Amino acid sequence: MSKQKAIVTTSNTLAVLIVIGIVIVANIIVGKIRGVRVDMTEEKLYSLSEGTKTVLGELGDDVSLKFFYSKSGEDTPIFLKQYAQRVQDLLHEYEVHSGNRVVIERFDPKPDSDEEDLARKYSIEGQQTQLLGGERIYLGLAATSGKNEASIPFLHPQNEAGLEYDVTRLIYEVSKTESTKVGLISGLAVMGGPQLPPQFSQGRPPEPKWFMFTDLERQMDIEDLGTSVTEIGADIGILMVVHPKNLSDDVLYAIDQFVMRGGRLMIFEDPLSIIEAQAPGQQNPMMGFLNAGSEMDKLTGPWGVTLEKGQLTADVSLASRSSGGNPLVLNLTQAQINQDDRATTGINQITVVMAGSLAVKDVEGITSTTLLSTTDQAGLLETFSAMGGQQQVMNSLKPSGKKVLGIRLMGAFPSAFPAKAEGDTKDSHLATAKDGAMVIIIADTDMLHQNFAFRLAQFGGGVMRMPGGPENGPLVANLLEQLGGSTALLDLRARDNFNRPFTKVKELEAQAAKKYQEEYKKLDDGLKEARRKIQELQGQKSADQKFIMSADQIVELKKLRDQEFDTQKKLKEVRKDLRKDVEREGMKHKVINIAGIPLLAAIFGIVYGVRRRSMSSK
Amino acid sequence: MIGHATTIAKREWAGYFNTPVAYVFIIIFLFCMGFFTFNIGNFFENGQADLSQSFFVWHPWLYLILVPAVSMGLWAEERRNNTIELLFTLPITPTQAILGKFIASWAFLGLALFLTFPVVWSASDLGDPDLGVIFSGYVGSFLLAGAYLGIGMFTSALSKDQVISFILAVVIGLLLILAGFNPVTDFLSGFLPTSVVDGIASLGFIDHYQTFQRGVMSLRDVFYFISIIGLMLFATQATLNNKAAS
């Protein structure tokens, strides 16, 4: 009997062990099956977006994606492993949706292996995870197609929301057959000034190239076309127009037709270029200020955008502290920089100086996206007011609502020169823009200059760029990159699902602020008035009562002091009331969740129990 | 076969509500969920209509204690009262009995989980939550509860003593939570090869549970939970067979 029992026990235990083995193996096998899943998120965060599908659909050559990941690394933290898993899931989607034209190769760069050398070849960077030595961990992606190659040195888990954009951008980069050339038409010596003859230069060296353009030239090919070019070459992919001052109609027409051909145009115009106005050699500062404006309304007007003529944008709430609070030097923060657009998202601070304001009008067939704006406390000032002191600027400023500082237009632009259709150029004239045309307009040129675009520090006689400060450089580079890309890339937003604020709480706060604002102001005014009267009374002693106040005055003073005390108390209460509604709302939800349903369950249980008991006793 | 299993399930289900234990459990369960979500997870103060960080994040830990409390009596009771022999002499197979009991308990846990719905209402009232993600979170939580229940059922079959069965279930559950936990994998990778550590980590609850919290329901995660449940039910049956043989 006991022998039989032993056999049964052993065979049962053995069976359980076998099943455990089967479960482990089955999970490993099923774990390798990718793509069988349902994406339940509202914005389909884990599925490929339309923009990516378009890019994959337009692939020229096949693309090979090389995924470097220290899978067997002992120091690879578990969160990175989980992230790497999600990256691989996403890459698998690329493979599937491209009809296997995107092929994924996986590498596990162990220390001192061939894979590690290969990773280095593609500038995939290993990350040191431990302070003292330890293995380098790789999690990077390289793409190759034909002769082109590009890479993302490290895929940061923090940037998961932008992962799809980065990968699609990478694929787009390598599948593109030629790099985009930037043509430049500039009224300012952004590429460096000419060497003037000695009689004019007064011994000064020629103006150096602007830092911004030195940076940009590292990433792209820039060709200075001059300000009298009448034919934009077919090799120019992006046209950058800076400070377009007195451009002739021929030049404007050339730019117009460039856009009509589906070109990408970026304009920096300015009611007042402080760089020009304060240029060395400027004889008459007054004239300098009045003549340092530029605009391209003739061209952009028919597209719905004009620069407010001779008007500067001022905004006290954005006034730069480093300029001593001058409301004409604006530090735009995230709230003024479009955080939904791929080119501007993640940019935290932009400095603009004596910028203009763009008047925007709807034009059929053109969609506009505001990239940079002010707060609704902004106002416009005449250009000459910039010469006055800061106080004068403050005094004459009347807030008149939000101003647009930067905008992007897309769509079927009409030609600004419809009359050319009848002239001698009518055969080649294009009246409407072809697909893909895009125009970005920024109402400031000074933001390109190093004095405002970066944080500079004096260093041993020269200047040095410091980290932090305005991100004008990345902004311009991003915008140019966007202009150079496929419009499909524009659809790829950073899809951030994490921010879903309690709108109701915000509303309640706003309502409370509105409701109590008036009361608060009234009380606050009353308090100020009482204090003023007290002061007045104390100073009002007439000659014959040098030191002593009259009885009436003493009574009055006491009354005022009481009033002051009362008002202060009431103000404190109003401040408390401001939070009252929100706190009440929070309490309501807490009570319902923590006590409400348990209480109902208890009541239900008691009633059910009592009924059962009475039924069974019958 | 299914017919007998559902009969057993119905009997067990009705049995729950005839004793105050079920109500006490539901009340404690809901109170803990609400308390952890609002007072420890700071759901309201965070100001985000997102349940994964303040609500679902506590489930693995609350189930760890609460589910064994439901499951510890499942077989221990029958064995103590010697009703188990009686059960197995009925015209039903042990598999049917096991399935029936499991389904009833799982449904009961599902009911308790369903009664947390006010938190969804709160999120929708205060903001604009992603309901798809919440749904997927609930599915993940329900599967997780099933896995804990499977473990609890198995340990209940192992011992006549409910306390021992409870403690065993908590220990096994804890091991499965910790398998994917950073400090543990770091410790293990000190002396085990990476592939083994990865294998152990992929057997843990957390990784699979979190996928649901992100709003993705994938085959491998559903399969994982179902396979754990299947394994535990099989082990339960083997254990009961062993005991029956003795």
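Keep in mind it's a predicted model, so treat the numbers as computed, not measured. First the proteins, then the strands, lettered A, B, ... as listed; each starts at 1.
Surrounding CZ of B:Phe114 are at most 12 heavy atoms belonging to other residues, nucleotides or ligands under 6.0 Å away. Heavy atoms from other residues, nucleotides or ligands lying under 6.0 Å from NZ of A:Lys71 number 12 at most. A:Phe154 CZ: more than 12 foreign heavy atoms inside a 6.0 Å radius. Within a 6.0 Å radius of NZ in A:Lys504, more than 12 heavy atoms belonging to other residues, nucleotides or ligands are found.
The most heavy-atom pairs under 4.5 Å with chain B, out of A:Ile20, A:Leu600, A:Thr13, A:Leu508, come from A:Ile20. Options A:Glu585, A:Lys81, A:Arg86, A:His589 differ in how many heavy-atom pairs under 4.5 Å they form with chain B, and the most are formed by A:His589. Options B:Ala123, B:Ser136, B:Pro129 differ in how many heavy-atom pairs under 4.5 Å they form with chain A, and the most are formed by B:Pro129. Of the residues considered (B:Ala235, B:Ala22, B:Gly132), B:Gly132 shows the highest number of contacts with chain A, using heavy-atom pairs under 4.5 Å. No other option in B:Gly34, B:Cys32, B:Ala238 has as many heavy-atom pairs under 4.5 Å with chain A as B:Ala238.
Considering only heavy atoms from C-beta on, A:Ile597 stays 4.5 Å or farther from B:Thr116 through its side chain. A heavy-atom distance below 4.5 Å is not found between the side chains of A:Gln85 and B:Asp207.
Going from atom CZ of B:Phe234 over to atom CD1 of A:Ile22 covers 8.0 Å, rounded to the nearest 0.5 Å. For the atom pair A:Lys588 NZ and B:Ser122 OG, the distance stands at 8.5 Å (nearest 0.5 Å). One distance of note links CG of B:Asp125 with CZ of A:Phe502; it measures 9.5 Å at 0.5 Å rounding. Taking CG of A:Asp39 as the reference point, atom OG of B:Ser218 lies at 11.0 Å (rounded to 0.5 Å).
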Could you go step by step and tell me if B:Arg220 and A:Asp89 meet the salt bridge (Lys or Arg N to Asp or Glu O under 4.0 Å) rule? CA-CA 12 Å; B:Arg220 63 177 174 226; A:Asp89 284 353; 2.8 Å; yes
Yes or no on side-chain contact (heavy atoms from CB on, under 4.5 Å) for B:Trp121 and A:Ile592, after CA distance, side-chain angles and deciding distance? CA-CA 10 Å; B:Trp121 164 78; A:Ile592 291 175; 3.7 Å; yes
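Residues A:Val16 and B:Leu231 approach most closely at O-CD1, 4.4 Å, considering heavy atoms. A:Ala602 and B:Ile27 make their closest contact through CB-CD1, 3.5 Å (heavy atoms, listed as atom of the first residue, atom of the second, distance). Between A:Val582 and B:Phe44, the shortest heavy-atom distance links the atoms O-CZ, 3.6 Å. Scanning all heavy atoms of the two residues, the minimum distance from B:Ile26 to A:Ala601 falls at CG2-CB, 4.1 Å.
For a residue to count as touching a neighbouring chain, one of its non-hydrogen atoms must lie under 4.5 Å from one of that chain's; by this rule B:Tyr23 touches chain A with the side chain only. For B:Phe36, no part sits under 4.5 Å from any heavy atom of chain A, backbone or side chain. Contacts of B:Gln237 with chain A are absent, with no heavy-atom separation under 4.5 Å from either backbone or side chain. In this structure, chain A has no heavy atom under 4.5 Å from any part of B:Asp221. Both the backbone and the side chain of B:Phe31 come within contact range of chain A, with heavy atoms under 4.5 Å apart. There is no contact between A:Ile28 and chain B, counting heavy-atom distances below 4.5 Å.
A:Asn593 places a side-chain N or O within 3.5 Å of a backbone atom of B:Val119 that can act as its donor or acceptor partner.
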